[in-house]
Amino acid sequence: MAESIDFLPLNGTDYIEFYVGNAKQSAYYYQSAFGFELVAYAGPETGVRDRASYVLQQGKIRFVLTTSLLPDSAISEHVRLHGDGVKVMALWVDDAYKSFEETVSRGAKPASEPQTLTDEYGEVKIASIYTYGETIHTFVERKNYTGAFMPGFQPRKSPVPVAPVGLKHVDHCVGNVGWGEMNTWVDFYAKVMGFQLLLTFDDEDISTEYSALMSKVMSNGNGYVKFPINEPAEGKKKSQIEEYLDYYHSPGVQHIAIATDDIVTTVGELRRRGVEFLSVPSSYYADLLERVGHIDEDLKPLQDLNILVDRDNEGYLLQIFTKPVEDRPTVFYEIIQRKGAKSFGKGNFKALFESIEREQALRGNL
Ligand code: TYF
Ligand code: FE
């Protein structure tokens, strides 16, 4: 039965927190390569004894990089098992306590009870529930909070000036789950979080010669928060989703798509700073305009940068994918510019997945 009122209104993504082996060095990478600015810090110098966290910001995107200072802790155990990865997808809400109660009453597994954090800059309320694997959603209510990030954190600036690359907001966060588990998590987002099914990609849409997967895109009511869920499917050889699961050792976040309004400038700058992207053969560009029709951009810079284009009923989109940003083939980024299109680049799946498979083969995992 459809509920007429949204029991979980979301204002957007509040932050994404990664558990990493060395937060100081990861923070340097996100500043120098991705153009994020350091805005806050928590650690021994601020009275936090067991961990260090760096808060980075660009546009509306906030990343928190957290490492353990202890050999035995939930954070070090997370890093031991998964490598560097996403622990928290935090959602900005108007009522964290209610968000927790509404979702837990619908079957969410609690991760931490609602609490109110206070300092001289105001109040932040947080509460967390589990989603797939060890990943959690934290509901963050920050009415009138004027501090750098949250109570417990102190403002901290980048040690050298950072030049942003035009990253604006989180477009979507994709999860990889185990064989046959996609619909379980689709149901979770529908029943527990009140999301709706936006799109389905089956085996036929996206199987290449080797790799195969299925994907369903879940969206909240206002469309600000979108969570595609992938599961592996049977193919000739190892699915890219299976490769992820082999290295992450559980379901988890596969890619974070970040929006820009000038993808040529953003990707040019990221490449100049050493970010590595997947590439497609030049034949992709030979018939691109026949496939997608007129686009505002010149073809040459798109081809030089290996940016992909796809069209749907409402417009078109430009997108590109990084290689994994850690040594395990797990988390990667998508840079996306939407020009009307609300889809996910289905027309690029074949070229994209063949590109991923070339990388899998280089790693000996195909
Ligand atoms: O988010 C999406 O659906 C697109 C396409 O392993 C995609 O970015 C889907 C699965 C995948 C990589 C990219
Ligand atoms: Fe994506």
Side-chain angles (χ1 to χ4, degrees), residues 13 16 61 85-86 89 132 167-179 181-182 185-186 189 195 197-208 210-219 223-233 235 237-248 251-260 263 267 277-280 284 306-312 316-325 328-338 341-360 363 365-366:
T13 305
I16 295 173
I61 311 153
V86 173
M89 289 181 278
Y132 45 75
L167 303 179
K168 299 291 187 204
H169 62 265
V170 174
D171 185 277
H172 59 274
C173 293
V174 182
N176 283 344
V177 302
W179 292 93
E181 292 176 356
M182 177 179 68
W185 291 103
V186 164
Y189 281 106
F195 282 40
L197 178 68
L198 198 64
L199 286 166
T200 300
F201 304 112
D202 65 26
D203 218 358
E204 306 288 285
D205 289 323
I206 50 185
S207 80
T208 63
Y210 298 133
S211 172
L213 62 96
M214 294 194 284
S215 187
K216 286 184 178 173
V217 181
M218 301 304 289
S219 171
Y224 292 177
V225 179
K226 287 172 294 228
F227 293 139
I229 309 288
N230 299 330
E231 72 171 28
K237 294 203 179 169
K238 189 196 285 278
S239 166
Q240 52 162 303
I241 309 305
E242 220 184 327
E243 187 197 32
Y244 173 102
L245 296 169
D246 285 350
Y247 284 85
Y248 202 75
V253 172
Q254 177 216 38
H255 77 263
I256 299 166
I258 300 181
T260 169
I263 196 165
V267 172
F277 292 92
L278 296 176
S279 57
V280 292
Y284 174 91
N306 246 273
I307 293 165
L308 311 177
V309 189
D310 193 30
R311 186 177 287 279
D312 66 20
Y316 68 97
L317 62 81
L318 305 112
Q319 64 184 169
I320 190 168
F321 297 82
T322 72
K323 293 182 181 180
V325 292
R328 299 192 200 195
T330 55
V331 183
F332 60 86
Y333 290 93
E334 173 181 354
I335 308 297
I336 184 166
Q337 182 177 4
R338 294 186 180 279
K342 298 209 177 71
S343 51
F344 288 77
K346 180 171 150 178
N348 291 325
F349 283 4
K350 190 167 189 298
L352 169 65
F353 296 160
E354 283 171 354
S355 178
I356 293 175
E357 285 154 20
R358 286 193 289 277
E359 299 292 320
Q360 262 181 275
R363 294 188 282 260
N365 292 331
L366 191 69

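For ligands, and for the atoms within them, numbers begin at 1 and follow the listed sequence. Computed over heavy atoms, backbone and side chain alike; hydrogens, waters and symmetry mates excluded.
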Near Phe353 (heavy-atom distance under 4.0 Å), the atoms of ligand 1 are 9 (C), 10 (C), 11 (C), 12 (C), 13 (C)
Ligand 1 atoms nearer than 4.0 angstrom to some heavy atom of Phe321 are 8 (O), 13 (C)
Let's go through Trp179 and Glu242 carefully: what are the C-alpha distance in whole Å and the side-chain angles of both, what is the deciding distance for side-chain contact (heavy atoms from CB on, under 4.5 Å) to 0.1 Å, and is it a yes or a no?
CA-CA 9 Å; Trp179 292 93; Glu242 220 184 327; 3.6 Å; yes
Quiz item: Is ligand 1 less than 4.0 angstrom away from at least one heavy atom of Lys346?
Solution: no
Closest to atom 2 (C) of ligand 1 (heavy atoms only, candidates Gln319, Lys216, His255, Met214) is His255
Atom 10 (C) of ligand 1: of Ile229, Asn230, Leu199, the nearest heavy atom sits on Asn230
Of all N, O or S atoms in His255, the one closest to the Fe ion (ligand 2) is NE2
message = Looking only at the side chains, is there a donor atom on one of Tyr284 and Asn306 sitting less than 3.5 Å from an acceptor on the other?
response = no
With a cut-off of 2.8 Å, does Glu334 put an N/O/S atom close enough to the Fe ion (ligand 2)?
yes
Note to self: Side chain or backbone, does Ser215 bring an N or O within less than 3.5 Å of an N or O on ligand 1?
What the structure shows: no
Note to self: Please verify the inter-ring angle class for His255 with His172; under 30° counts as parallel, over 60° as perpendicular, anything in between as tilted.
What the structure shows: perpendicular
Closest to atom 8 (O) of ligand 1 among protein heavy atoms sits Glu334 OE1, 2.8 Å
Tightest non-hydrogen contact, residues Glu231 and Gly178, listed as CB-O, 3.6 Å
Quick look: Asn348 vs ligand 1, heavy-atom contacts under 4.0 Å, and the answer is neither
